[in-house]
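Just so it is clear: chains get the letters A, B, ... in the order the sequence lines come, proteins before strands, and each one is counted from 1.
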Amino acid sequence: MNKKTIIRTFEKIALYMELLGENPFKVGAFRKAANVLELDPRSLSEMDDILSLKGIGKGTGAVIIDLIEKGESDLLKELENEVPSGLIPLLRVPGLGGKKIAKLRETLGIDSIESLRNACESNEVSKVPGFGKKTEEKILHELEILGTRKGKLPVWQIESVVLAVEEVLRSIQEITRFSVAGSFRRAEEESSDVDFIVVTDEPAIVREKLLETLPVEETVAAGDAKLSIVLDMADLVDADFRFVTDDQFATALHHFTGSKDHNVKMRQLAKAKGMKISEYGVELEDGTMETFKTEKEFFAYFDLPFIPPSLRMDGREIERSEEIAQLVTFEDIRSDLHMHTTWSDGGYSIREMVEACRKKGYSHMVITDHTQYLRVANGLTPERLREQIAEIRKLNDEYDDIEIFCGTEMDILPDGRLDFDDDLLQELDFVIASIHSNFNQSQEQIMERLHSAISNPYVHMIAHPTGRIIGQREGYNPDVHQLIKWAKEYDKILEFNANPYRFDLAKEYLEEAQEANVKIAINTDAHAIDQLKHMEIGVKYAQKAWLKKETVVNTWPLGRFIEEIIRK
DNA sequence: GCCGTTTTCGGCCCGACTGTTTTCAGTCG
C-alpha cells in the first residue's frame, strides 16, 4: 500500500458520493483528506500518526485501515456497486453537477452519456422538476462538443492570448486600468483559461465593446459584474472578465489570481479574526468594508509580507511566508548567461544584444552561440568561434558599464563526445553544454552524454537539462536526480531556461537542486532581443521552486561571478 | 465527514450568473 493509492481512493469515493448527490461537505471531507495526505511530504511508511492528522477522522481513517489491512476499501466497493460507472463522464458536462446528475438518475434512470442524450432528444429531461427547455438544449449541445474542447494550454500559447486581449483592453477608453489574473499571473506551466480584472464605471459598455471586438466563439455568462466567453484564438480559450471599481481592484485582483487553495487559506485566516474576505474587500465584524490600494497593503492587513502571485499555490506559502524575503526577484538579476546572435541562429548582432542587455541594466552577459554539430542553426566552427572571440573582446573594450564574456552553447554529440576540444574551450570564459540531438536514446546513453559534459573541467553549465517543450514534447528523459548529484560533485551550474516554451528544469527539480546546494542560473536563451524579456516570467516561475537569491548565480555581482565561476 | 483557547452541534470560503422558479437551487471559479 502506498500513499498515492489512498489518495486516489479518497478522490474516487468523493466522486461517487458527488454523483449520488451527497452532502457537499461530506464529499469535501474526503477530498480534503486526500489533500492532507498529498501535502504531507512524508511517505506512508514514515507517517506513524496518519490517523491523527487534521482532516482525517473516523470515516476517512476507516478507509485507510481497510486499505492497509486488506488492500481495498469496503466503502469504495459499496459505492462502485451502487453507482453505474457510466455516470462519471457526466461530471465533465458543463452545467451538470452531482445534484442534477443524481436527480436525472432517480427520475429517468440516466446511467450514461448515451441514455442522457436519448432522454434529451425525446424531451424527457425538460419535464423533470428543476429542469427546463433551455437546460435540455444546453445539455444536448454540451454532449455534442464533449471531448472536442481542449484541456489546458501551455503557458507560451496562453501568453499570446493574454497579449492580444490586453491590446483590446487598452483600446477601450471606459477602462481606467486592468490586470491579467488567474493561473497566467501565477506563472503556471499550463492554464485552462485567462482571467482579467477590469476597472470601469461603465461595465455594460465595456462588456458590449469586448463582445464586439474580441473573437467570441460563445458567450457563457454576461452580467454587470462579469463576462465569461470562449475566445476563438488559434485554439478555443475560456476568458473571464471581472468588472470592479477602483477601490475594489486590489482585493479583486487577489481573489481572481488565486489559487483556489491559497484563497481558502486566506479566508480561513480572516474568518478566525472575525473578518470576511471577498473580491470586494475585507468585511469587518461591524459590517464595514475595508479596501486596499495594493495587494501588498491587503497582505499587510493580515500581518503577511507580499506573497508573489507565483507562490500562491497550495496554501503552504502562508506558513512559509517568512522565507519570501530571501527569494530571488527580477530586480536581483544582474546578468543573462545564455543568448544567441546572427553568428548562429539568433536574429540580432552581438552589438544589438549588448545594447539590449545594457538597457536592462545588467552588469555582465555571455554570448553563447551554437557549435558546428548543429548545422541547422549555423553552428560555429572553431575558426569562426575564434573570430567571434576576437570581435567580442574588441567590443568589450568599447563598454565600461557592461562586461561581455565569450561563451558557447556547445553540443554534446550523440556518442557522448563534445563538439570542441579542451584547447578551444580553454580560450572561452563560459562554456555551456547542451543536448540537441538523438532524444530517443536510452536513459543510459543520455546520462553517459551528460556525464561526459558535466565532468569536463572546462564546462560550466548544462543548459535546458531535460529538453522538454511544455505541452509538446517530453524531452530526452534524463535521470535528473543523478544529474543533480553530479552537478554537486563536479561543482557545475544547472540552468533554469526561462523561455516559456521550456521552463526547464521544472520546479520540482529546481527545488531538489537547491536542496542539494547546486548552483542555478536563470537564462533566457534569447534568439532575439524581444526574448530577453522572458527573464521576468522565468524568475516568477523560479519562485515557485522557492529559489533563493543566493542559489541563482546570475544575481551575483560581476566580481563574485568572475571570482567563483569564470576563474574557478 | 470533520472539527472545536468563543462550540460536541452547527457550521464548513464567498459571490455571480443562469434557469427555473415566483424566492432560490445548482453550478462554477
Side-chain angles (χ1 to χ4, degrees), chain A residues 10 13-14 16-18 20-36 51-64 75 79 90-104 125-139 142 181-183 186 191-197 203 207 218-230 238-244 248 251-252 254-283 285 289 315 318:
Chain A
F10 281 150
I13 289 173
Y16 281 118
M17 285 183 165
E18 201 175 3
L20 290 172
E22 262 283 12
N23 174 357
F25 296 113
K26 188 168 165 181
V27 176
F30 280 93
R31 293 229 161 90
K32 196 176 168 200
N35 195 239
V36 166
L51 295 179
S52 53
L53 287 178
K54 208 173 148 191
I56 307 286
K58 222 172 82 191
T60 47
V63 172
I64 294 176
L75 176 59
L79 289 166
L90 294 186
L91 278 172
R92 290 207 315 271
V93 179
L96 284 189
K99 296 230 168 103
K100 281 192 172 167
I101 293 172
K103 189 88 181 257
L104 289 171
V125 169
S126 54
K127 290 176 196 141
V128 178
F131 292 74
K133 201 74 210 155
K134 277 199 169 177
T135 308
E136 189 174 75
E137 279 164 16
K138 183 166 190 289
I139 292 174
E142 293 295 350
S183 48
R186 300 200 310 273
S191 301
S192 53
D193 64 356
V194 292
D195 300 282
F196 293 90
I197 305 300
R207 183 185 66 214
E218 186 191 332
T219 304
V220 181
D224 273 347
K226 77 176 231 188
L227 172 66
S228 290
I229 53 182
V230 180
D238 293 336
D240 283 309
F241 300 87
R242 304 292 301 217
F243 307 122
V244 298
Q248 295 164 342
T251 39
H254 174 263
H255 181 244
F256 291 103
T257 295
S259 69
K260 205 178 162 175
D261 289 336
H262 170 83
N263 285 354
V264 168
K265 269 276 161 65
M266 287 299 296
R267 286 179 168 176
Q268 285 168 345
L269 202 72
K271 205 176 162 70
K273 296 182 176 184
M275 297 180 270
K276 210 164 79 176
I277 299 177
S278 79
E279 51 263 58
Y280 302 116
V282 175
E283 193 184 325
E285 269 177 318
M289 187 66 95
I318 292 170

On a heavy-atom basis, which atom in Ala252(A) and which in Ile197(A) lie closest, and how many Å separate them?
O-CD1, 3.7 Å
Kindly indicate, with the supporting measurements, whether the criterion side-chain contact (heavy atoms from CB on, under 4.5 Å) is fulfilled by Thr60(A) and Phe30(A).
CA-CA 7 Å; Thr60(A) 47; Phe30(A) 280 93; 3.8 Å; yes
Got a sec, which residues hit side chain to side chain contact (heavy atoms under 4.5 Å, CB included) with Glu136(A), two or more places apart in sequence or on another chain?
Cys120(A), Asn123(A), Val125(A), Ser126(A), Lys133(A)
Partners passing side chain to side chain contact (heavy atoms under 4.5 Å, CB included) against Lys271(A) (at least two apart in sequence or in another chain)
none
[N] to [M] separation - [atom1] atoms, rounded to the nearest Å:
{"N": "dT22(B)", "M": "dG26(B)", "atom1": "P", "result": "14 Å"}
{"N": "dG11(B)", "M": "dT20(B)", "atom1": "C1'", "result": "29 Å"}
{"N": "dT6(B)", "M": "dG1(B)", "atom1": "C1'", "result": "23 Å"}
{"N": "dC13(B)", "M": "dC28(B)", "atom1": "C1'", "result": "14 Å"}
{"N": "dC12(B)", "M": "dT18(B)", "atom1": "P", "result": "26 Å"}
{"N": "dA25(B)", "M": "dC9(B)", "atom1": "C1'", "result": "25 Å"}
{"N": "dT8(B)", "M": "dC3(B)", "atom1": "P", "result": "16 Å"}

For Asp240(A) and Asp195(A), indicate whether the former's side chain and the latter's backbone hold a donor-acceptor pair under 3.5 Å.
no
In whole angstrom, give the distance that lies between atom [atom1] of [X] and atom [atom2] of [N].
{"X": "Leu96(A)", "N": "dG26(B)", "atom1": "CG", "atom2": "P", "result": "13 Å"}
{"X": "Lys103(A)", "N": "dG26(B)", "atom1": "NZ", "atom2": "P", "result": "8 Å"}
{"X": "Leu269(A)", "N": "dC14(B)", "atom1": "CG", "atom2": "P", "result": "13 Å"}
{"X": "Asp261(A)", "N": "dG29(B)", "atom1": "CG", "atom2": "P", "result": "15 Å"}
{"X": "Asp193(A)", "N": "dG29(B)", "atom1": "CG", "atom2": "C1'", "result": "8 Å"}
{"X": "His254(A)", "N": "dC13(B)", "atom1": "NE2", "atom2": "C1'", "result": "12 Å"}
{"X": "Met17(A)", "N": "dG1(B)", "atom1": "CE", "atom2": "P", "result": "6 Å"}
{"X": "Phe256(A)", "N": "dC13(B)", "atom1": "CZ", "atom2": "P", "result": "17 Å"}

When syn is taken as a glycosidic angle within 90 degrees of 0, is dT20(B) syn or anti?
anti
Scan residues 221-230 of chain A for pairs that pass salt bridge (Lys or Arg N to Asp or Glu O under 4.0 Å), counting only residues two or more places apart or in two chains.
Arg207(A)-Asp224(A)
pair_partner(dT8(B)), Watson-Crick or wobble, both distances < 3.5 Å, evaluates to none
Nearest to side-chain heavy atoms of Phe30(A), which nucleotide of dG29(B), dG1(B), dC28(B)
dG1(B)
Minimum-distance nucleotide (side-chain atoms of Lys54(A) versus dG29(B), dG26(B), dC3(B)):
dC3(B)
Most 5' of Lys260(A) and Ile56(A) on DNA chain B, judged by nearest nucleotide
Ile56(A)
Taking for each residue the nucleotide of DNA chain B bearing the nearest heavy atom, is the 5' side occupied by Asp240(A) or by Gly61(A)?
Gly61(A)
When rounded to the nearest 0.5 angstrom, what is the spacing between CG in Leu104(A) and CG in Leu90(A)?
8.0 Å
Ile56(A) CD1 to Phe10(A) CZ distance, which is reported to the nearest 0.5 Å
5.0 Å
Base contacts versus sugar-phosphate-only contacts with protein, heavy atoms under 4.0 Å: please encode nucleotides 6-12 of chain B as B, S and - from 5' to 3'.
------B
Contact state string [nucleotides 15-24 of chain B, B base, S sugar-phosphate only, - no protein heavy atom under 4.0 Å]:
SSSSSSS---
Tell me, with the steps shown, if Arg186(A) and His262(A) meet side-chain contact (heavy atoms from CB on, under 4.5 Å).
CA-CA 11 Å; Arg186(A) 300 200 310 273; His262(A) 170 83; over 6 Å; no
Taking salt bridge (Lys or Arg N to Asp or Glu O under 4.0 Å) as the test, write out the residues that go with Glu137(A), two or more places apart.
none
Quickly, which of Thr219(A), Asp193(A), Val220(A) forms a side chain to side chain contact (heavy atoms under 4.5 Å, CB included) with Val230(A)? Name it, please.
Val220(A)
